[in-house]
Amino acid sequence: MLVPVRCFTCGFPISIYWEEYKSRLSKGEDPESILNSLNITRYCCRRMFISTFEYIDELLQYVKVKEKVETKLTHSFETEVPKKRRGRRKIK
Amino acid sequence: MNFELIEKKGLYIKFKISGINPQLANLIRRVLIARTPTLAIDDVLIIDNTSVMYDEMLAHRIGLIPIKTDILSLKEDTTVNFRLEVTAEKDDVMVYSGDLKSLDPNYKIAFENIPICKLAKGQRIFLEAIARVKTGNIHARFQPVAACAYKQVNEDTFIFSFESTGIDEPEKILLKAIDVIISTYNEINKELQNKIKHG
């Protein structure tokens, strides 16, 4: 979902470097050189960066779609409210 | 016994101890990992959570965030309350560990740029967290060190290396671990002397 707060193996809070890693990666830098310059030497911590996939943005897309659909539904429902009947029907 | 500092780089420390045996070296390592008291978030009271993350997952992430403390003067019964209140009003908002505000000015979060959660427009997180002092044998979040290990280079020489998780300077953590060992043995010594005196 999001980057894990700590490394699964050694427990170092690797997520403190995540924002920098992501921004430098988007500029086209090589992951190896970023991790070396951030001084992440252990391979347990290095795999945390390389193998993380953030899918929270995709989940947020569902939230937005749901919101849109709900507003549409309530809107259409409001327009189709049946008219009030005038007076009571006589029962024969 | 001889202590020699080899390298210290930020949170990382490497040192050599000579004149000890493997048992003693392992004692130091194990006390560092599992018996050094550390402050970490223990309870999370979730008042409102409309984010895409489950309450449990949110609490787990918050628990793993290191808290900056002075480990040498840390008391066993310390409790610190934290509060986090974020509402995404206009656009998507990333919630960082820096949003977790301490209600005690002596303690604060060690790193302010840890991502906790992402909120879509209209979502809200409101929670309170209680930090307590416990040891690493209970949960990994109470562990003050990361990747603590030693290497035997000689019959009586050991090279230790570990990294602090950000709660304090690594040499202070080592000092605290040795304090824990000394106080434990002092207690045994006291009990034993009492037994000998009074039978």
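Quick note on labels: first sequence line is chain A, next is B, and so on, each numbered from 1.
Contact check for B/M94 versus A/I56: no side-chain heavy atoms found under the 4.5 Å cut-off.
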Could you list each N or O donor-acceptor pair linking chain A to chain B at a distance under 3.5 Å?
unit_1, atom_1, unit_2, atom_2, d
A/V3, O, B/R61, NH1, 3.0
A/V3, O, B/R61, NH2, 2.7
A/R6, NE, B/L64, O, 2.7
A/R6, NH2, B/L64, O, 3.0
A/I16, O, B/N113, ND2, 3.0
A/E19, OE1, B/Y96, OH, 2.8
A/E19, OE2, B/Y96, OH, 3.2
A/R42, NH1, B/E163, OE1, 2.9
A/R42, NH2, B/E163, OE1, 2.7
A/D57, OD1, B/K118, NZ, 2.6
A/K64, NZ, B/D92, OD1, 3.4
A/K64, NZ, B/D92, OD2, 2.9

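By the rule that hydrophobic residues join a cluster once side-chain heavy atoms approach within less than 4.5 Å of another member, B/I138 and B/I65 end up as members of separate clusters. In the hydrophobic cluster analysis, where Ile, Leu, Val, Met, Phe, Trp and Tyr join through side-chain heavy atoms closer than 4.5 angstrom, A/M1 is grouped together with B/L119. Residue B/F160 is not grouped with residue A/F12 when hydrophobic side chains (ILVMFWY) are merged at heavy-atom distances under 4.5 angstrom, including chains of intermediate members. With hydrophobic clusters built from ILVMFWY side chains whose heavy atoms lie under 4.5 angstrom apart, B/L11 shares a cluster with A/M48. If you chain together hydrophobic residues whose side chains sit under 4.5 Å apart, B/V153 and B/I20 never meet in one group.
Looking at B/I116, only its backbone comes within 4.5 Å of chain A, counting heavy atoms on both sides. Proximity to chain A (any heavy atom under 4.5 Å) is shown, for B/A147, by both the backbone and the side chain.
In terms of heavy-atom pairs under 4.5 Å with chain B, the best-connected choice from A/V3, A/V63, A/V5 is A/V5.
Closest approach of A/G11 and B/A146 over heavy atoms only: C-CB, 4.0 Å.
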